[in-house]
Amino acid sequence: AALAAGAAGVQVGGLFACCEESGLDPELRRSVVEHAARGEVDVFTDPNASPTGYPFKVVRWAADPALGVERERICDLGYLRVAYRTPSGTIGYRCASEPEATFVAKGGDAAETSGRRCLCNSLMATVGHPQARAGGALEPPLVTSGDELKHLADFLGGRTRYSAGDVVDWLLGERGASEP
């Protein structure tokens, strides 16, 4: 493993995110892991997904419950809002994933809203806490991971589930699995 080869640290969020103890919704996690075990996932670096403007790695797979779901543009949790000075000199908050007209009315550039998703709401749905929307629709999840998820089958070695302890064992070189 990387640590045995002399690495000072490793980034393994994707492995821990898909382990049994993770906070991902259990059905969502099961679906991602089963598809990854068959090599049926992709990780797309979406340059527009985050309202912050930073690229975000999004997992794609055939059974993604968010496929084809058009989410309502809303920013009602507001964890990623940014502060701006209003014309009257007070501080206001805006988010590129809120309705475009609202964002622009707050002085934002309409071009910043293209392709943006509300990470706050989507990630809450990913851990099993989707907000209910008008008409009973549930906020769709957004599963994120590093590129290593595409190679999870190597780590799994035929399994369709694993624990955080399995990840730690692999990191410490106590399990002879291939690199994920």
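- Salt bridge present: Glu34 and Arg30 bring a charged side-chain N and a carboxylate O closer than 4.0 Å.
- With contacts defined as side-chain heavy-atom distances shorter than 4.5 Å, the pair Cys19/Asp166 does not qualify.
- With a 4.5 Å cut-off between side-chain heavy atoms of Ile, Leu, Val, Met, Phe, Trp and Tyr, the cluster of Tyr93 takes in Ile91.
- Once rounded to the nearest 0.5 Å, the distance linking CZ of Arg133 with CD1 of Ile74 reads 4.5 Å.
- The other residues sharing a hydrophobic cluster with Phe56 are Val58, Leu80, Leu119, Leu123, Leu142, where clustering joins ILVMFWY side chains under 4.5 Å apart.
- Looking only at side-chain heavy atoms (C-beta outward), Pro65 and Pro141 come within less than 4.5 Å of each other.
- With rounding to the nearest 0.5 angstrom, the OG atom of Ser145 is 10.0 Å from the NZ atom of Lys150.
- One distance of note links SG of Cys75 with CZ of Arg81; it measures 6.0 Å at 0.5 Å rounding.
- Under the 4.5 Å side-chain criterion, counting only non-hydrogen atoms from C-beta, Val32 is in contact with Cys18.
- Note on residues 57-68: pairs passing salt bridge (Lys or Arg N to Asp or Glu O under 4.0 Å), not counting sequence neighbours, are Lys57-Asp147.
- Leu152 is listed as a side-chain neighbour of Leu15, based on a closest heavy-atom distance under 4.5 Å.
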Report task. Begin with the C-alpha distance, continue with both residues' side-chain angles, and end with the deciding distance and a verdict on side chain to side chain contact (heavy atoms under 4.5 Å, CB included) for Glu98 and Arg116. Result -> CA-CA 9 Å; Glu98 67 189 342; Arg116 304 293 187 206; over 6 Å; no
Requested in this report: Start with the C-alpha distance between Trp61 and Glu40, add both sets of side-chain angles, then the distance that settles side chain to side chain contact (heavy atoms under 4.5 Å, CB included), and finish with yes or no.
Outcome: CA-CA 6 Å; Trp61 77 107; Glu40 299 171 352; 5.9 Å; no
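- Of the candidates Leu28, Leu149, Val41, Val143 forms a side chain to side chain contact (heavy atoms under 4.5 Å, CB included) with just one, namely Leu28.
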